[in-house]
Protein chains: 2
Amino acid sequence: MADQPDAPLTRIQQKNRDLILEGALTAFSLHGFRGATVDQIAEAAGLSKPNVLYYFATKDDIHKTLLTTLLDMWLAPMIRIDPNGEPLDEVLAYVSAKLDMSQRFPRESRLFAYEILQGAPHLSEILGGSLRGLVDTAAAILQGWMDQGRLAPVDPHHLIFSIWALTQHYADFDVQVRAVLGPGHDPFIEARPFIGDLYRKVLAV
Amino acid sequence: MADQPDAPLTRIQQKNRDLILEGALTAFSLHGFRGATVDQIAEAAGLSKPNVLYYFATKDDIHKTLLTTLLDMWLAPMIRIDPNGEPLDEVLAYVSAKLDMSQRFPRESRLFAYEILQGAPHLSEILGGSLRGLVDTAAAILQGWMDQGRLAPVDPHHLIFSIWALTQHYADFDVQVRAVLGPGHDPFIEARPFIGDLYRKVLAV
DNA sequence: TCCATTGTTGACCAAATGGTCAGGATCACG
DNA sequence: CGTGATCCTGACCATTTGGTCAACAATGGA
């Protein structure tokens, strides 16, 4: 158990922890926390099960590490909203960035989806804490623009929820989207102009 | 094993099967298929575990029965779109009905969410079969209205996806929505005008 | 080269869990 | 009220699975 705080990781530790987290991301995003087994994670990581448990004390530990590690990356686009930018451009850039994340990081999207569906046992404090703060900040910026008449007035919190819902849908419900569209369609290519158009109309003054 | 086809169910069979499905809906929607145990289902149903397995051969059987039974109800609102109705009213009625379902049947919404996240192992044929047919029909109606200039032209399939995403988000991600909004907010009361307003703008000619 | 630290694993364990079964309780109906 | 069908359960089983451990291998600095 290499759990001393601040102990700088050796090269091997760094590499194997990365392998494990990578394998676990695949396993958890495919089967959920309960559905993924340590054996699956070990195999995906190319390590033996005891070795996985050598680097992380418990399966839960791996899961928690993944979630908290990836949360920052997941929320990064929202922080980049610039209060001094052109309102509509800023929102559209955020929307586009979120759709990019769904396209490039579907495993991460599903990981979070499982966690929230489950009732967010590991993230509940964060949801009501720092995430809420982040959203409130972004909502305040949006509200400011609306007050200035530079965006159509809509509820900023629900505007943000709608962006999350619309973009993450294409990662989380990928199978359904593809099944319904049938072969010969690229969901993301089609979704991009649709969603962009949608927010242009919603937010046009 | 009471599995003869067409055998009419006795009163007791009817009641206990209903109890089991009800308990299983709660358990599966809370923990997912893998996460829910037969014991949990039995307890939620107020029956013993062997008795549960007396009415359904396997846990998988319960799950499959639930999914296929509830799918019709879940898709019903889409079928009610009336080609002869007023286009915008019809769409808004569908949106409102879907939001009602999220509010009144969040367990069902989560059940399906888990299934799709999992890769839809039980629903894959249906997704690409009858569901796809249903969506294509609805999309054709929408496209017709757009061609007549009675709705703004947007991709009808992705319009439908957006309605699913926006409405189901409030059921599936309930914890997140509530955590971010904080106490003293009713997500659904707020979401209703927001989403209605959104589609009015998107579809206005 | 030496050796303490770090890394790795086969074998194993206890608990959880899906499912079985023999036998007893209850019900429905002639 | 008798009896066959239906209903119910305690006890049990096999498998899966998270996690442990003793022993062995590799590493790297002095």
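Quick note on labels: first sequence line is chain A, next is B, and so on, each numbered from 1.
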Exercise. Over how many whole Å does the gap from B:Glu43 atom CD to C:dA16 atom C1' extend?
Worked result: 16 Å
Exercise. Side chain to side chain contact (heavy atoms under 4.5 Å, CB included) between B:Asp172 and A:Ile116: does it pass, once the steps are laid out?
Worked result: CA-CA 8 Å; B:Asp172 302 342; A:Ile116 307 291; over 6 Å; no
For this session: Please determine if a side-chain N or O atom of B:Gln13 lies less than 4.0 Å away from the OP1 or OP2 oxygen of D:dT6.
Result: no
Exercise. On DNA chain C, nearest-nucleotide positions of A:Ile12 versus A:Lys49: which is more 5'?
Worked result: A:Ile12
Exercise. Counting side-chain heavy atoms from C-beta on, which of D:dG18, C:dG19, D:dC8 comes nearest to A:Val38?
Worked result: D:dG18
For this session: Please determine if a side-chain N or O atom of B:Tyr54 lies less than 4.0 Å away from the OP1 or OP2 oxygen of D:dC7.
Result: yes
Exercise. Rounded to the Å, how far apart are B:Lys15 NZ and C:dT26 C1'?
Worked result: 12 Å
For this session: Please check if any side-chain donor atom of A:Tyr114 sits under 3.5 Å from a side-chain acceptor atom of B:Gln118, or the reverse.
Result: yes
Problem set entry | Selection: residues 110-124 of chain B, any non-hydrogen atom under 4.0 Å of DNA chain C | none
Exercise. Does any N or O donor sit under 3.5 Å from an N or O acceptor when you compare the side chain of A:Lys59 with the base of D:dG19?
Worked result: no
Exercise. Counting just side-chain N and O atoms, does A:Asn16 come under 4.0 Å of either OP1 or OP2 of C:dT8?
Worked result: yes
Exercise. Which whole-number value in Å describes the distance from B:Ile62 CD1 to C:dG18 P?
Worked result: 10 Å
Exercise. What's the spacing between B:His31 NE2 and B:Thr26 OG1 if we round to 0.5 Å?
Worked result: 9.5 Å
Problem set entry | Polar side-chain atom of B:Glu90 near backbone of B:Ile81 as donor-acceptor pair, under 3.5 Å | no
Exercise. Can you tell me how far P of C:dT8 sits from CZ of A:Arg17, to the nearest Å?
Worked result: 13 Å
Exercise. So, the side chain of A:Arg110 versus the backbone of A:Ala171: is there a donor-acceptor pair under 3.5 Å, distance only?
Worked result: yes
Exercise. Can you check side chain to side chain contact (heavy atoms under 4.5 Å, CB included) on B:Met78 and B:Lys98, steps first, answer last?
Worked result: CA-CA 9 Å; B:Met78 191 159 48; B:Lys98 280 296 285 177; over 6 Å; no
Exercise. Using a distance-only test with no angle check, is there a side-chain donor-acceptor pair under 3.5 angstrom linking A:Tyr170 and A:Ser109?
Worked result: no
Exercise. Closest to the A:Pro50 side chain: D:dG19, D:dT9, C:dT9?
Worked result: C:dT9
Seminar exercise, completed: Numerically ordered, the residues 27-36 of chain A set in heavy-atom contact under 4.0 Å with DNA chain D is A:Ala36
Exercise. Distance check: side-chain N/O of A:Asn51 vs OP1/OP2 of C:dG7, anything under 4.0 Å?
Worked result: no
Exercise. Given atom CD1 of A:Ile20 and atom P of C:dT9, what is their separation to the nearest angstrom?
Worked result: 11 Å
Problem set entry | B:Phe56 CZ - D:dC7 P separation (whole Å) | 13 Å
Exercise. Can you find a pair of side-chain heavy atoms, one from B:Phe33 and one from B:Lys59, that are under 4.5 Å apart?
Worked result: yes
For this session: Would you mind reading off the distance between B:His63 atom NE2 and C:dG19 atom P, rounded to a whole angstrom?
Result: 13 Å
Problem set entry | Side chains of A:Leu88 and A:Tyr199 in contact at under 4.5 Å (non-hydrogen atoms) | no
Exercise. Between A:Tyr55 (OH) and D:dT20 (P), how many Å, whole number?
Worked result: 17 Å
Exercise. Under a 4.0 Å N-O cut-off, is there an ion pair linking A:Glu22 with A:Arg107?
Worked result: yes
